[in-house]
Student: 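The structure's right below; bear with me while I get my questions together.
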Amino acid sequence: MGKILKAVIFGGKARVAVLDTTDTVNEAIRLHKLSPLAAAALGRALTAGAYISSNLKNPTDRFSLTIDGGGPLGKIIVAGEAGGYVRGYVQNPYIELLYRNGKLDVGGAVGRDGYISVIRDLGLKEPYAGRCKLTTGEIAEDFAAYLTRSEGIPAAVALGVLTGSEGCKAAGGVIVEAMPDISEEQIVMLEDIMTNFMGISSLLAQKSAEEILDFYFGYLDAEVFVPQGVSYVCRCGQKMEGIIKSLGEEEARAIISERGEVEIKCDFCGSAYTFGEADIDKIFGSD
Ligand SMILES: [Zn+2]
């Protein structure tokens with residue numbers, strides 16, 4: 001299982017999170033047969049999603065994160081609930097490798113012509129929706145810009161996925177958020193520390209989240225909280241009846257008469273559900 005380790009530093013003037021999402025990204029690779037480039041992009045987005053999830057308070061709070069940059073990867077969709085439960089998919093999971101300056105070109109795959117959007121449903125009348133124009137398509141910078149502009153908290157974000165011949169060797173990130181009373185000097189210190197995380201996935205392949213937090217932030221008057229788990233969980237089974245209902249009785253019956261059954265495949269986990277005539281009768285309450 002993955003892990004989110006959080007702390008406050010400078011006596012509460014900044015928040016830090018170190019995320020290890022290696023297992024979560026490996027589950028996404030297994031479910032979607034992701035190419036290494038698709039795994040790098042979706043893995044970064046799943047890590048951002050895990051962070052959003054970790055900030056939700058009630059077990060029923062939910063979120064969705066969409067990154068739509070117009071690139072060959074297509075849209076990235078991540079969703080989840082409070083408690084570190086995330087899932088996600090990309091429109092083109094088999095995308096071939098693109099390189100830029102010797103590194104996987106995630107920005108080129110995602111594209112830069114579009115938005116990062118987050119919807120948080122906290123069970124209130126209206127969900128909170130925020131979006132921010134993409135700058136690099138590399139996801140970390142874009143997520144930082146989203147946190148800074150849409151949520152009003154200046155943030156720095158490093159995200160990374162290290163892929164090997166056998167899936168993902170390490171994945172995760174470091175996120176720092178500055179509170180309003182932080183000093184200029186402390187901001188400069190944090191900017192300096194963040195330069196260590198350009199290769200965060202390689203670092204996570206060698207050190208645990210605890211070691212990273214302790215080594216880079218432990219001396220900054222840090223108060224470390226109990227770790228939270230991160231896992232890839234899909235709850236599509238609970239939603240399928242609702243999907244049939246939203247299809248409408250007429251449409252559902254038209255599909256049944258044409259194909260004998262209605263099949264729905266979940267984009268997030270690949271599970272397939274079939275509904276026959278008796279199921280449709282039950283859902284729409286007729287006999
Ligand atoms: Zn599913």
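Values below: all heavy atoms of this structure, side chains included; hydrogens, waters and symmetry mates excluded. For ligands, and for the atoms within them, numbers begin at 1 and follow the listed sequence.
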Student: Under 2.8 Å from the Zn ion (ligand 1), protein N/O/S atom count?
Tutor: 4
Student: Which value, rounded to the nearest 0.5 Å, describes the distance between Arg235 atom CZ and Lys239 atom NZ?
Tutor: 8.5 Å
Student: Do Lys13 and Gln186 come close enough that some side-chain heavy atom pair is under 4.5 Å?
Tutor: yes
Student: Do Tyr216 and Phe197 have their ring centres less than 6.0 Å from each other?
Tutor: yes
Student: Could you walk me through whether Leu220 and Phe10 pass the side chain to side chain contact (heavy atoms under 4.5 Å, CB included) test, one step at a time?
Tutor: CA-CA 6 Å; Leu220 301 172; Phe10 300 137; 3.7 Å; yes
Student: Are there over 12 heavy-atom neighbours, none belonging to Glu96, within less than 6.0 Å of that residue's CD?
Tutor: no
Student: Applying side-chain contact (heavy atoms from CB on, under 4.5 Å), can you list everything that pairs with Ile264, at least two apart in sequence or on another chain?
Tutor: Met240, Ile243, Ile244, Val262, Phe275
